[in-house]
Amino acid sequence: MGGRPQLGFEPQSPAWRVAILPPASVPQRASSYSFPLCHFQALNLIIKKQTKCNLCSPKSTKKGLKTTVVSLYSCFSFLLLPVNKWQVGQHSAVHNQRGITPLLLFLKHSANELLNKHKPWIETSYHGVITENTDIVLLDPPLVALDKDAPIPYAGEICAFNIHGLEAPFEAVVLNGTSGEGQLRARGLVDCELQKEYTFIIQAHDCGSGPGGTEGKKSHKAVVHIQVNDVNEFAPVFREPQYRAAVTEGKIYDSILQVEATDQDCSPQYSQICNYQIITTNTPFAIDRNGNIRNTEKLSYDRQQQYEIQVTAWDCGQKRALHSVPVCIDVKPVCKPGWQGWNKRVDYEPGTGSKQLFPKMHLETCGGLLSSVRTTVELQTSHIGKGCDRETYSEKSLQKLCGASSGSTDLLPAPSTATNWTASLVTDSGRDSDLIFRFEGHQAAKIPDWVVPQNLTDQFTIATWMKHGPSPGLRAEKETLLCNSDKTEMNRHHYSLYVHNCRLVFLLRRDFTQVDTFRPAEFHWKLEQICDKEWHYYVINVEFPVVTLYVDGVTYDPYLVTDDWPIHPSQIDVQLTVGACWQGGEVTKPRFTQYFRGSLSGLTIRPGKIESQKVISCLQACKEGLDINSLESLDKNIKFHFNPAQSILVMEGEDLENMNAAVRKVSYINSRQFPTPGIRRLHISTAVQCFGEDTCITIPDIDAVVMVLQPSEPRITITGVERLSWPASDLREPGGIALFQDLHIISTVTRADATAHDTAHRPGVLEEIIHNLDYCDILVLGEELRLGQESLQLQRSALLGKHLDATNSTSGMSIYGVDSMSNYEQVIRQVHYSNWQPGQVTERRFRLTCSELNGRYTSNEFNLEVSVQHRLTDVLFLKVTPPQYMQVVHHPSMIHDLFPSVPSAATVVIVMCIAALVVVVVLGIYRIHLTHQQEVKFAEMAKETDTTWDDSALTITVNPMEVGGM
């Protein structure tokens with residue numbers, strides 16, 4: 001049949017149908033279409049009427065079935081409206097119902113089957129970009145689908161783009177179906193930080209057979225790659241909250257440490273950190289773009305031990321970190337061998353005992369191996385008192401405290417009325433009550449003859465504190481401390497102690513009456529202490545011909561002894577001087593010579609006895625020094641040694657850790673209850689040895705201080721009865737009267753109230769404390785006691801078992817010695833006052849004062865007034881106090897006036913009767929006195945009354961007639 005379709009007629013009841021018989025190439029499922037006969041007739045009419053439709057055109061054979069069907073479809077589509085308007089006889093409605101439309105549908109179906117031959121065409125791959133937080137995708141190339149079936153409606157049009165992918169958040173929409181343009185959109189906001197890229201498949205669909213896209217064709221699958229463009233929404237954040245590093249001083253580092261910041265943005269542009277900056281000004285550090293911090297200059301540990309800088313960061317989008325990061329850089333000293341972990345100042349609270357000086361100290365060897373370590377700790381106290389913190393009691397009190405022999409004489413006492421020879425000397429009063437005399441080469445003092453014997457025995461002791469240094473240009477001159485020489489005519493030195501060329505020389509020339517042979521006369525000692533400008537305690541014990549020198553308790557033998565002949569006897573008086581030597585003869589005018597330059601204190605001489613080493617050590621002992629805390633726990637391999645004053649400690653060991661532990665036990669102790677406040681310097685030196693090395697490390701010396709804090713100042717208070725009245729008869733008794741029977745001595749300190757919150761306004765709390773006293777003086781106020789008529793008395797038995805002694809004079813009594821306040825109370829209560837002729841005394845006043853530490857702390861002045869009553873009536877009043885309305889009337893001439901003319905015999909009788917009466921009265925009164933004396937005294941002391949006996953308080957009237965009757 002060729003390629004031409006055939007038009008056949010098949011009868012069908014009740015109407016004919018026409019069929020377009022396609023060629024063999026047309027699918028059989030579309031080969032026929034039912035067509036009623038009336039429709040065929042209409043078609044025939046149309047064919048006849050439409051000259052353009054040439055179904056049987058020869059060209060149709062060439063174009064094939066496609067062209068024919070298309071032509072038919074075009075023609076019938078053109079004639080559709082006119083045909084629909086035709087009215088063909090009575091069958092017009094049927095014709096309209098069964099008109100040309102079915103034919104067109106037939107032709108259209110046949111055309112789709114034959115004309116939608118091609119699939120849509122798109123690119124094989126697409127690359128798109130979308131900015132986060134937007135929904136439009138920019139594709140390259142643009143999304144366009146082409147169909148070769150165009151311009152055939154539907155078959156050549158694009159109806160949809162379908163996306164195939166796992167949850168791809170995109171959709172493709174058709175912008176123009178005819179042109180095939182499409183657009184790719186995001187179904188929601190995309191986040192680059194969640195996903196940077198997307199890949200999925202896309203296909204284009206044509207419209208197929210109609211608007212619904214049924215039976216449409218699909219393009220091939222194209223791959224779409226979508227990249228999400230980043231937005232700079234995040235600021236840099238540092239990985240660490242802070243950074244810390246340590247550097248060694250004196251070095252330049254390329255990089256001390258590196259800081260690092262991150263950015264949560266997804267793109268390299270915004271997620272990368274492009275710059276770091278140090279925002280702290282004036283720091284010796286710099287930072288590069290990678291966050292490496294370096295120092296721009298050499299750092300010094302002494303200048304600054306730690307730096308803290310702030311660093312910030314920028315991303316490549318120039319967004320700055322919201323918060324900077326702190327960077328701490330510790331500066332470590334260059335590893336230098338030496339002691340570490342010690343404090344330059346150690347505070348010492350008085351009364352706390354032993355305190356560790358270096359509880360955390362250790363020796364840094366910088367990796368060096370040591371075979372032995374030797375450490376010396378020195379406590380320097382030369383500026384405190386006389387070389388260290390010693391007891392500052394008076395010389396007499398100290399000697400009594402240390403058990404020294406009695407009979408010593410203080411040649412340099414405190415200036416007073418009785419000891420006025422030191423008044424012209426220069427004293428140093430700034431030494432915590434230490435009595436120090438400074439000699440500058442033109443001061444000297446003459447000792448009165450009554451103070452010491454002119455000639456000493458074979459045994460005696462000379463002791464003194466001395467601070468002396470070299471005198472430039474005066475090395476050839478003698479500097480005399482103590483000299484006994486001729487007062488006039490001659491210039492002989494009997495004994496003297498002097499310094500010559502930093503040598504201590506003691507000269508002792510005996511009289512011919514004592515020895516007549518060539519004997520030792522000069523003893524020389526050459527010691528460093530003599531000219532080191534430090535305080536030292538010198539004691540010369542003489543047991544002739546042996547002379548021994550003690551310096552700070554250590555014995556030294558003379559390096560040179562020269563002999564000489566004894567001095568010839570003479571009647572010339574001698575003069576004892578201090579600070580120079582008296583030259584009374586061989587000169588025009590007697591004068592001092594060989595002046596001393598230095599300081600002296602406590603110069604004493606004791607004839608007839610020498611001091612033991614124990615007493616000497618006690619007298620010069622320091623009350624402060626170095627100590628080893630928990631000595632029992634010290635490693636047995638550690639060797640240690642103290643000097644006698646415990647101001648130098650040497651420790652030696654082989655194990656470094658054991659040495660560190662030993663040094664940490666070194667302590668400071670001050671046993672004084674009231675130590676001298678101020679600074680004590682410490683000096684630590686160390687020597688080490690290494691294993692078989694020619695050179696070894698050097699350990700530098702270190703210096704520190706111990707600050708002794710100010711102790712709480714005690715307040716010594718004396719209380720008791722301040723006024724007493726005694727009859728004259730009691731003063732005449734052998735024991736006299738007790739002055740201080742109700743005496744009490746207490747001492748208090750003011751402590752801060754620890755419970756108060758405001759430390760600046762804490763109220764003081766008085767706290768009673770116990771401490772010693774070193775003297776109490778009872779002074780007579782007003783006229784001195786009359787020698788042979790009145791005195792102060794104290795039984796020697798009252799001093800037994802106590803470290804006390806007493807001196808007595810017409811000006812008062814002094815009780816001295818270091819002892820407790822209770823012992824002083826007991827002794828003072830036993831001080832009595834006696835007056836063998838009280839008729840000339842109506843009252844006596846006394847003043848009592850006590851001291852601790854040689855006047856450093858003194859008590860109040862306790863004044864006592866004693867009234868002396870002379871008449872019998874006063875004694876009676878002492879026992880019974882009359883009412884105030886009673887008055888005393890004196891009639892000294894009453895008896896004579898009443899009896900002007902009594903004969904002489906009667907006068908004798910009257911006188912005898914009166915005498916008898918007086919005796920009876922006296923006996924009665926005396927008995928009453930004996931009965932009530934003790935009771936009244938206790939009552940008076942308890943009430944602390946101020947009782948003054950007045951002659952007007954009682955009247956005794958004697959009746960002359962009663963006398964006559966007797």
Side-chain angles (χ1 to χ4, degrees), residues 25-27 29-30 63-71 73-74 77 104-190 192 195-229:
S25 61
V26 178
R29 59 183 176 87
K63 293 181 180 180
L65 180 61
K66 175 181 177 182
T67 305
T68 302
V69 175
V70 170
S71 298
Y73 178 74
S74 300
S77 296
L104 291 178
L105 295 176
F106 164 75
L107 292 177
K108 178 181 179 183
H109 175 75
S110 299
N112 286 334
E113 290 289 334
L114 299 176
L115 300 181
N116 193 10
K117 182 180 180 179
H118 298 93
K119 299 177 180 179
W121 179 91
I122 59 176
E123 299 288 344
T124 58
S125 63
Y126 292 90
H127 294 275
V129 175
I130 184 174
T131 302
E132 62 177 344
N133 302 326
T134 62
D135 60 350
I136 303 301
V137 180
L138 301 179
L139 284 178
D140 183 23
L143 182 60
V144 176
L146 302 177
D147 196 324
K148 291 183 179 181
D149 295 328
I152 298 175
Y154 301 111
E157 296 177 1
I158 305 300
C159 282
F161 293 95
N162 289 336
I163 294 176
H164 306 281
L166 298 176
E167 299 180 358
F170 296 96
E171 61 181 1
V173 296
V174 178
L175 299 180
N176 190 327
T178 303
S179 63
E181 296 180 23
Q183 187 180 63
L184 193 61
R185 298 176 182 175
R187 292 198 299 266
L189 298 179
V190 294
C192 179
Q195 188 169 343
K196 297 181 181 179
E197 296 179 348
Y198 295 89
T199 301
F200 52 87
I201 302 299
I202 192 170
Q203 280 184 306
H205 292 248
D206 61 16
C207 294
S209 60
T214 57
E215 300 180 6
K217 293 184 179 296
K218 303 177 183 178
S219 70
H220 61 270
K221 295 179 179 180
V223 179
V224 181
H225 297 280
I226 304 297
Q227 179 180 345
V228 182
N229 277 353

Using 0.5 Å steps for rounding, measure from the CG atom of D147 to the CG atom of D206. 5.0 Å
Can you check whether H225 reaches T199 side chain to side chain, under 4.5 Å on heavy atoms? yes
Could you tell me which residues satisfy ring pair (Phe, Tyr, Trp, His ring centres under 6.0 Å) with F170, sequence neighbours excluded, listed by chain and number? Y198, F200
So L184 and I226, do their side chains get closer than 4.5 Å, heavy atoms only? yes
Out of curiosity, I202 CD1 to L139 CG, how far, rounded to the nearest 0.5 Å? 7.5 Å
From E197 atom CD to C192 atom SG, the distance as rounded to the nearest 0.5 Å: 9.0 Å
Roughly how far, to the nearest 0.5 Å, is the NE2 atom of H220 from the NZ atom of K119? 10.0 Å
Spacing of CD1 belonging to I158 relative to CG belonging to N176, to within rounding of 0.5 Å: 10.5 Å
With a 4.5 Å cut-off on side-chain heavy atoms, are P120 and H205 touching? no
Hey, are H127 and D140 close enough side-chain-wise for a donor-acceptor pair under 3.5 Å? no
Gap separating the CD1 atom of I122 from the NZ atom of K218, nearest 0.5 angstrom: 12.5 Å
Run the side chain to side chain contact (heavy atoms under 4.5 Å, CB included) test on I136 and I130 for me, step by step, so that the C-alpha distance in whole Å, both residues' side-chain angles and the decisive distance to 0.1 Å come before the verdict. CA-CA 6 Å; I136 303 301; I130 184 174; over 6 Å; no
So V173 and R185, do their side chains get closer than 4.5 Å, heavy atoms only? yes
